[in-house]
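Quick note on labels: first sequence line is chain A, next is B, and so on, each numbered from 1.
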There are 2 protein chains.
Amino acid sequence: MEERIQRVKEQLHKASYKLTPQREATVRVLLENESDHLSAEDVYLKVKDKAPEIGLATVYRTLELLAELKVVDKINFGDGVARFDLRKEGAKHFHHHMVCMECGTVDEIEEDLLDDVEKRVEREFNFKILDHRLTFHGICHRCREE
Amino acid sequence: MEERIQRVKEQLHKASYKLTPQREATVRVLLENESDHLSAEDVYLKVKDKAPEIGLATVYRTLELLAELKVVDKINFGDGVARFDLRKEGAKHFHHHMVCMECGTVDEIEEDLLDDVEKRVEREFNFKILDHRLTFHGICHRCREE
DNA sequence: ATATATGCAAATACTTTGCACTCGG
DNA sequence: CCGAGTGCAAAGTATTTGCATATAT
């Protein structure tokens, strides 16, 4: 926890940004909810518990900044809301998701399934891949069992 | 062209919807711009040329309906705008995209690259895949050559 | 000290909805 | 004919921005 905060602090400083209490509180919320896929509003509400004076605009600005620094990845599952997902330690690529169309749960796939596919795309289309988004929509194992 | 309109008409009727002039004009715009990735607003402006009395709300409603019928797929590339992409003739799955971070162009990959990956996900996670979204972000061949 | 960051409120962007009117089948 | 569909304007969400003030380094 503390080490990861420390690392974010370094990343901020490297890009000459400051680690303000608001930014720290936001990162803590993201760390504490690592498996969720919080919207800016969700983050705001949780940060407000720790730091009630924070404004929604600051949360938006912080999340945008963290996305720029690749601390978080921004994703949109099709409802019109941007969600923010902490990048796993040492992960080179954004992980994948499975969205259940029945119960709405979002599960993660951490393993990189796209290695071969990406090599092929780079070769066939001469497209330099820097990032990807892969989401499956379907029925999760919990709903299937019913 | 006309055959594809005809097919959409049948799909509408099958689900007991009507083919109104507004809906037809919207489908025509989508057909005429098949390789683009138009937002609702884009579609609206183009439909307005053919049928100036149409309202933006009708375009939204029509696109929503067409998405439901799987005539179009709705996708969001990360800017906050929903885009609509005509499903290719006979395609079982939604095709993939490459978004250029330099010039913003979106290119399509029609070949289904995910066959093996999906078999694996279904097996490993017991997740029934009904749809997918795969987008690569990077530098397109045109920008690379400069 | 001072450039950067913040909070608030107002502005903007996108999308949905209510309702009276219209029209396709 | 009549329920489905439309246009318009108003309401909802989600997100961004301007600006005066506060603060991390």
- Which sits closer to the 5' end of DNA chain C, T62(A) or A57(B), going by the nucleotide each is nearest to? T62(A)
- Does a salt bridge link K46(A) with E32(A), judged by any charged N lying under 4.0 Å from a carboxylate O? no
- Message: Quick check on DNA chain C: between H13(B) and L56(B), whose nearest nucleotide comes earlier from the 5' end?
- Response: L56(B)
- Pair R144(B)-N126(A), side-chain donor/acceptor within less than 3.5 Å: yes
- Ranking dT16(C), dA24(D), dT15(D) by distance to the side chain of K18(A), first place goes to dA24(D)
- Message: Distance check needed: dA14(D) C1' versus R83(A) CZ, whole Å only.
- Response: 12 Å
- Message: Tell me whether K88(B) is salt-bridged to E108(B), with the criterion being a basic N under 4.0 Å from an acidic carboxylate O.
- Response: yes
- Separation of N76(A) atom CG from dT15(D) atom C1', in whole Å? 12 Å
- Output yes when a side-chain donor or acceptor of R133(A) lies under 3.5 Å from a complementary backbone atom of T135(B), and no otherwise. no
- Message: Please report the distance, rounded to the nearest Å, between NZ in K74(B) and C1' in dC14(C).
- Response: 11 Å
- Proximity to the side chain of R61(A) - top-ranked nucleotide from dT25(D), dG5(D), dG18(D): dG18(D)
- Task: Rounded to the nearest angstrom, tell me the gap between atom CG in D79(A) and atom P in dA14(D).
- Result: 8 Å
- Judged by modelled atom types alone, do H132(B) and E118(B) share a side-chain donor-acceptor pair under 3.5 Å? yes
- List in numerical order all residues of residues 19-55 of chain A for which some heavy atom is under 4.0 Å away from an atom belonging to DNA chain D. L19(A), P21(A)
- Item | Integer-rounded Å distance: dC14(C) P and F77(B) CZ | 16 Å
- Message: OP1 or OP2 of dT15(C) versus the side-chain N and O atoms of Y60(B): is any pair under 4.0 Å?
- Response: yes
- Message: Could you tell me how far apart L12(A) (CG) and dA24(D) (P) are, to the nearest whole angstrom?
- Response: 14 Å
- Donor on one side chain, acceptor on other, H95(A) and E111(A), under 3.5 Å: no
- Atom-pair distance (NZ on K14(B); P on dG25(C)), nearest Å: 17 Å
- State yes or no: are the ring centers of H97(A) and F77(A) separated by less than 6.0 Å? yes
